[in-house]
There are 4 protein chains.
Amino acid sequence: MEARHRVRAAALELFAERGFHGTGIRDLAQRAGLSTATLYHYMGTKEELLAEIMRSSMDLLLQAATRVGVQGAAVDRVTRLVHVHVLAHAARPLHTRVVDDELRALSPPLRVEIIGLRDRYERLWQAAITDGVADGVFHLRASDVARRALLEMCSGVARWYRPDGPLSVEQMAARYTELALNLLGVAGPVPDLDTAIARDAHRLVAELWPEDAA
Amino acid sequence: MEARHRVRAAALELFAERGFHGTGIRDLAQRAGLSTATLYHYMGTKEELLAEIMRSSMDLLLQAATRVGVQGAAVDRVTRLVHVHVLAHAARPLHTRVVDDELRALSPPLRVEIIGLRDRYERLWQAAITDGVADGVFHLRASDVARRALLEMCSGVARWYRPDGPLSVEQMAARYTELALNLLGVAGPVPDLDTAIARDAHRLVAELWPEDAA
Amino acid sequence: MEARHRVRAAALELFAERGFHGTGIRDLAQRAGLSTATLYHYMGTKEELLAEIMRSSMDLLLQAATRVGVQGAAVDRVTRLVHVHVLAHAARPLHTRVVDDELRALSPPLRVEIIGLRDRYERLWQAAITDGVADGVFHLRASDVARRALLEMCSGVARWYRPDGPLSVEQMAARYTELALNLLGVAGPVPDLDTAIARDAHRLVAELWPEDAA
Amino acid sequence: MEARHRVRAAALELFAERGFHGTGIRDLAQRAGLSTATLYHYMGTKEELLAEIMRSSMDLLLQAATRVGVQGAAVDRVTRLVHVHVLAHAARPLHTRVVDDELRALSPPLRVEIIGLRDRYERLWQAAITDGVADGVFHLRASDVARRALLEMCSGVARWYRPDGPLSVEQMAARYTELALNLLGVAGPVPDLDTAIARDAHRLVAELWPEDAA
DNA sequence: CATGAATGAGTCTTCATTCAT
DNA sequence: GATGAATGAAGACTCATTCAT
């Protein structure tokens with residue numbers, strides 16, 4: 001309950017900050033304000049703890065993307081996918097960094113599971129891109145390269161965005177969307193983005209992903 | 001001589017594969033074919049070993065970028081910077097992954113040093129982008145966001161590119177350059193890239209960065 | 001509780017017997033009847049363990065000396081200081097040998113602390129000697145040389161005294177007091193010492209310094 | 001030859017400063033300006049190196065004491081023994097500290113040998129004291145206690161004497177002799193010491209024990 | 001519910017020493 | 001005569017985990 005949550009929060013922070021192998025259970029216990037023995041009341045092994053964090057994060061991202069990225073015109077879908085992805089990475093950087101960076105720390109069975117979720121997520125992006133190319137609105141030579149490029153560039157946000165910087169998360173999402181649509185070769189200048197999209201995406205992230213989720 | 005190099009090579013592989021904290025001294029010794037005590041005949045501390053790898057990698061990247069990214073029109077500079085970056089990341093993925101992922105494993109003094117090199121590298125990109133915007137050939141709202149997006153997307157190559165896949169490294173570089181120029185808002189369709197650029201960049205990387213560099 | 005004390009006792013014995021650097025963690029664990037890992041449940045670092053022993057020993061000696069060596073005539077003060085010192089060194093030879101011999105094993109900050117205690121202790125002796133010279137009862141050319149000579153000679157007891165030898169600790173203290181007063185140039189033959197002094201000093205040492213103190 | 005001497009000198013300094021167990025062969029090599037492998041051209045094991053230093057030091061001390069402490073009146077013998085001992089400890093503090101402090105670092109066979117030398121040395125003192133008591137010039141209740149007290153107090157010099165302090169080594173020796181004769185209960189005030197004794201003792205130490213002996 | 005106690009296996013690093021060249 | 005290479009054993013200390021209470 002209370003303590004269980006503190007353990008997750010501690011793990012989230014430390015795994016994001018120092019990496020899985022750079023974090024000891026003593027560190028976790030101290031950050032959570034518990035003894036190491038008590039820690040084991042609220043968790044399985046250290047690796048399971050990591051897997052839970054990654055699973056729930058990837059799950060939420062997948063849900064959000066499913067809601068916004070399946071229906072509609074390719075441009076709209078990509079726009080909303082970028083918004084959700086960027087907002088999630090800017091607003092929940094700890095979760096996303098752990099998912100992005102610590103896959104290799106998982107042993108094969110758990111790694112396979114998380115990679116499965118990630119692949120489903122990437123397939124939503126791939127479909128939107130492929131559809132856009134088929135529709136003639138995106139102009140690309142290699143759509144899978146574009147997908148990877150797009151995802152990598154948007155994920156970077158979690159590594160450097162600071163909420164007290166010059167850009168709000170919504171502005172960030174808007175900038176990245178412009179870059180993404182440019183990258184995809186959408187003809188003509190990208191029009192000003194409807195701020196309603198950012199608002200919706202933000203609400204979605206906040207709803208699925210409570211600030212103190214761990 | 002011989003053994004010293006094997007140690008570096010082992011560290012390069014393992015740090016890239018499992019991360020610094022995920023790699024034990026015993027792992028290094030085994031991979032290098034030495035006893036752990038002998039290992040210390042050829043290295044300082046494990047951290048110094050990491051720092052050496054990062055320093056030399058970042059150094060080479062910086063040299064290459066300085067040669068191709070300082071003079072000429074902004075479009076040409078970005079084109080060549082992307083080529084060098086992508087080729088380096090595709091052809092030397094171990095080095096680049098270590099530099100990209102293990103900064104946090106360094107203690108402050110060494111981290112500061114390596115970050116200094118990285119910052120000088122990024123400034124070359126930033127200058128090219130800013131110049132392109134000033135010249136009216138790039139169309140962007142936030143050039144620093146674009147720089148980060150560009151670098152992140154290009155660096156991703158080191159994580160997924162396989163030389164036995166459908167694309168050659170030169171083709172990869174070409175595709176990424178198209179995406180980059182699109183992203184930067186270069187007007188009109190990107191023309192077919194001069195393959196001489198790829199050839200030059202490849203030669204530069206290979207020259208500065210011998211295949212077995214460690 | 002129990003084990004914690006065994007660790008201290010083991011350290012006391014081994015540090016006194018083999019010196020700090022001559023004692024390994026494994027030796028300590030074996031002597032305490034614990035595994036090396038368990039050892040660390042009850043101690044900080046090996047150096048902190050040494051410092052604790054030295055601190056408590058020096059502290060007790062300082063307390064005892066403060067009680068008997070501040071008030072009264074110089075001859076009486078020196079008499080009681082010698083008694084306390086000799087009794088402590090004869091009855092607690094492990095503690096005193098560690099304090100006397102292992103100062104150099106401490107890193108600077110801890111060393112400074114312990115030396116501070118020792119200096120306060122020596123100042124009590126110095127004051128008694130200086131007062132005796134001023135009163136004309138001691139006849140000396142260099143009182144600081146006398147202080148050092150006195151302390152060194154009395155400390156030697158911890159290195160050779162055996163309780164199963166021909167002299168009791170009280171007799172030892174009496175002999176050393178005679179030597180000390182002679183050394184200080186007290187005129188005339190030293191009279192037979194009041195055995196009450198030895199009894200009091202012995203009681204003081206035993207009270208402050210329980211036999212199994214560690 | 002040259003290098004062999006540097007090794008001995010390095011060992012002398014470091015063993016005195018940090019103790020045998022606190023000194024590594026790497027430290028020795030560095031101080032001697034040699035590689036560790038080269039070190040072994042000029043020495044046997046680390047322990048043998050220690051034993052050599054102790055043996056030669058104890059030997060020289062024994063020779064000196066034999067020359068001055070066997071013949072003559074007890075008062076004169078003690079006077080000269082104290083002079084030699086104090087001068088040796090003040091002028092060759094490294095040697096004497098190693099002999100005094102590192103006996104326990106020797107394994108039994110070597111320890112037995114060195115202790116044999118020390119015992120012969122102490123027997124010279126004991127004889128002088130006993131003779132003085134028999135002659136009625138010393139007044140003591142326990143002559144062996146006095147011997148130990150005397151030796152301990154005089155040996156302390158090696159731990160604190162600094163040649164740039166207020167007292168010359170000859171003055172030191174004079175002060176200690178006064179204290180020693182007082183301690184031994186020599187009746188009446190100790191007369192001013194003949195400075196020729198100090199000069200002779202100093203010459204003897206210097207002659208037997210060249211400054212750079214190692 | 002919570003934790004102090006306990007540990008085998010591991011961490012990185014240094015030890016004193018040998019030996020081929 | 002001198003040393004780079006090499007190492008098994010040991011150095012101090014931490015690891016993630018279990019369990020009795």
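Lettering of chains follows the sequences in order, A, B, ..., and the numbering in each one begins at 1. Since this is a predicted model, take the numbers as computed values, not measurements. Every heavy atom of this structure was used, including side-chain atoms; hydrogens, water molecules and symmetry mates were not.
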Check this one for me: any side-chain N or O of B:Thr38 less than 4.0 Å away from OP1 or OP2 of F:dA5? no

Is the phosphate of E:dA16 approached by D:Arg26 (side-chain N or O, under 4.0 Å from OP1 or OP2)? no

Round to the nearest Å and state the distance from [X] atom [atom1] to [N] atom [atom2].
{"X": "A:Leu28", "N": "F:dT17", "atom1": "CG", "atom2": "C1'", "answer": "13 Å"}
{"X": "B:Asp27", "N": "E:dG10", "atom1": "CG", "atom2": "C1'", "answer": "11 Å"}
{"X": "D:Leu49", "N": "E:dA16", "atom1": "CG", "atom2": "C1'", "answer": "13 Å"}
{"X": "C:Tyr40", "N": "F:dG11", "atom1": "OH", "atom2": "C1'", "answer": "9 Å"}
{"X": "C:Glu47", "N": "F:dC13", "atom1": "CD", "atom2": "C1'", "answer": "14 Å"}
{"X": "B:Leu34", "N": "F:dA5", "atom1": "CG", "atom2": "P", "answer": "11 Å"}
{"X": "B:His41", "N": "E:dC19", "atom1": "NE2", "atom2": "P", "answer": "16 Å"}
{"X": "C:Tyr42", "N": "E:dG4", "atom1": "OH", "atom2": "P", "answer": "11 Å"}

Could you say whether C:Thr36 or B:Ser35 is positioned toward the 5' end of DNA chain F, judged by the nucleotide with the nearest heavy atom to each? B:Ser35

Using purine N1 to pyrimidine N3 plus N6-O4 or O6-N4 for Watson-Crick, or N1-O2 and O6-N3 for G-U wobble, both under 3.5 Å, which nucleotide pairs with E:dA2? F:dT21

Quick one: look up who E:dC15 pairs with, Watson-Crick or G-U, both distances under 3.5 Å, and put none if it's unpaired. F:dG8

Below 4.0 angstrom, N of the basic side chain to O of the carboxylate: do C:Arg159 and C:Asp101 qualify? yes

At what distance, to the nearest 0.5 angstrom, does CG of C:Leu62 lie from CZ of C:Arg55? 14.0 Å

Supply the atom-to-atom distance B:Phe15 CZ to B:Leu28 CG, rounded to the nearest 0.5 angstrom. 5.0 Å

Nearest to the side chain of D:Ala37 - F:dG1, F:dT17, F:dG4? F:dG4

Would you find more than 12 non-hydrogen atoms of other residues, nucleotides or ligands less than 6.0 Å from D:Gln30 atom CD? no

Quick one: does any side-chain atom of C:Arg31 pair with a main-chain N or O of C:Leu14 as donor and acceptor, under 3.5 Å? no

Mind checking A:Ile25 for me? I need base, sugar-phosphate or nothing, with any heavy atom below 4.0 Å counting as a touch. base

For B:His21 and C:Leu39, find the nucleotide of DNA chain E closest to each by heavy atoms; which residue's nucleotide sits nearer the 5' end? C:Leu39

